[in-house]
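Comments concern the structure below.
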Amino acid sequence: MSNIPTLYEWAGGMPVFEKLTDRFYAKVLQDELLEPVFRHMSKEHQLHVAHFIAEVFGGPAFYSTNEGSHFRMIQKHIGKHLTEQHRKQWLKLLVETADELCLPDDPEFRSAFMAYLEWGTRLAVINSNLDDPTINTDEPMPKWGWGVPGGPYQP
Ligand code: HEM
C-alpha cells in the first residue's frame, strides 16, 4: 500500500472516536464496578478521552493543544487507586462498544488498537497507585502506529 492511513483515519476519524467514548461512558455509568470510579467525572471527560485517543492514533492535536497534555492525563489518574478488576472491566466495555459501533475489525487494526489499550490501561493502574509520583511534565503524547503488520488488512 503506497499511502498507509493512520489508525485514526482507518477508524473513521473524529466522529467515530467521539461516538465511541460517548456510548462507552454511558455504559460505564451503568456498571456496578465502574460507576463509583467515574461518578464525579467532569462534563468534558468523554470528549477529552476521545480527543486524547484520537491524537495518539494520528489524529489532530486537540487534546495536547487545548485540553491537556500527556502529563495532565497521567495526573488525572493519580490517587484513584484503580485495580486490575477496574482495568479489565473498562477494557471489556470499551471493546464491546467498539464492536457495537462497527469500528474496523480487520486483524491489523484491532491488534494495534488493543496494543495501545493494553499499554494505556496498565499504565493508568500503575499511576493511580503511586503515592509520590515523579512525572516528567514534558512527557510527550504517545504516538501509536500499525506495529508489525505495518498497515491495514489487504485482501
Ligand atoms: C488507554 C487508557 C486510558 C486513557 C487514554 C485515559 C484517558 C484519560 C484522560 C484523557 C483523562 C483526563 C480527562 C480530562 O482531561 O478531563 C482521564 C481521566 C480519568 N481516567 Fe482515564 N484513561 C485510560 C484508562 C483509564 C482506566 C482503565 C480507568 C479506570 C478504570 C480510568 C479512570 C479515569 C478517571 C477516574 C479519570 C478522572 C475523571 C474525572 O474525575 O474527571 N482511566 N483518563
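As a basis for the values below, the full set of heavy atoms in this structure was taken, side chains included, without hydrogen atoms, waters or symmetry mates. Order of appearance sets the numbers: ligands from 1, and atoms from 1 within every ligand.
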Practice task
With heavy atoms only and a cut-off of under 4.0 Å, state how Lys80 meets ligand 1: side chain, backbone, both or neither.
Solution key: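 For Lys80, the contact with ligand 1 is made by the side chain alone.
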Exercise for the section: Specify side chain, backbone, both or neither for Val37, according to which of its non-hydrogen atoms lie closer than 4.0 Å to ligand 1. Expected result: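 Near ligand 1, Val37 shows its backbone as well as its side chain.
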Which residue and non-hydrogen atom of the protein lie closest to [atom], and at what distance in Å?
atom	value
atom 3 (C) of ligand 1	Trp90 CH2, 3.8 Å
atom 10 (C) of ligand 1	Met73 CG, 3.5 Å
atom 12 (C) of ligand 1	Lys76 CG, 3.6 Å
atom 34 (C) of ligand 1	Phe38 CE2, 3.7 Å
atom 41 (O) of ligand 1	Ser42 N, 3.3 Å
atom 16 (O) of ligand 1	His48 ND1, 2.9 Å
atom 38 (C) of ligand 1	His45 ND1, 3.5 Å
atom 5 (C) of ligand 1	Tyr116 OH, 3.3 Å

Exercise for the section: Provide the number and element of each atom of ligand 1 under 4.0 Å from a heavy atom of Thr121. Expected result: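 This gives 1 (C), 2 (C), 27 (C) as the contact atoms.
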For [Y], does its backbone N or O pair with a side-chain atom of [X] as donor and acceptor, under 3.5 Å?
X	Y	result
Glu18	Leu47	no
Thr97	Leu20	no
Gln30	Lys27	no

Problem - Phe62 ring center within less than 6.0 Å of His48 ring center - result: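 Between Phe62 and His48, which both carry aromatic rings, the centre distance is not below 6.0 Å.
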Practice task
Answer yes if the side chains of Ser69 and Glu139 hold a donor-acceptor pair under 3.5 Å, and no otherwise.
Solution key: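 Looking only at side-chain atoms, Glu139 and Ser69 do not form any donor-acceptor pair under 3.5 Å.
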Practice task
Could you grab the distance from atom CD of Glu96 to atom CG of Leu93, nearest 0.5 Å is fine?
Solution key: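 If we round to the nearest 0.5 Å, Glu96:CD and Leu93:CG are 5.5 Å apart.
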Exercise for the section: Can you measure from CZ (Arg87) to CG (Leu123) and round to the nearest 0.5 angstrom? Expected result: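 That separation rounds to 10.5 Å.
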Exercise for the section: From the options Trp10, Tyr63, Tyr116, Tyr8, select the one residue that forms a ring pair (Phe, Tyr, Trp, His ring centres under 6.0 Å) with Phe57. Expected result: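 Only one of Trp10, Tyr63, Tyr116, Tyr8 forms a ring pair (Phe, Tyr, Trp, His ring centres under 6.0 Å) with Phe57, namely Tyr116.
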Handout entry: Contact check: Arg72 vs ligand 1, nitrogen or oxygen atoms, below 3.5 angstrom
Key =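 No, since none of the N or O atoms of Arg72 sits under 3.5 Å from an N or O of ligand 1.
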Handout entry: Backbone or side-chain N or O of His77 under 3.5 Å from ligand 1 N or O
Key =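 Yes, there is a polar N/O contact under 3.5 Å.
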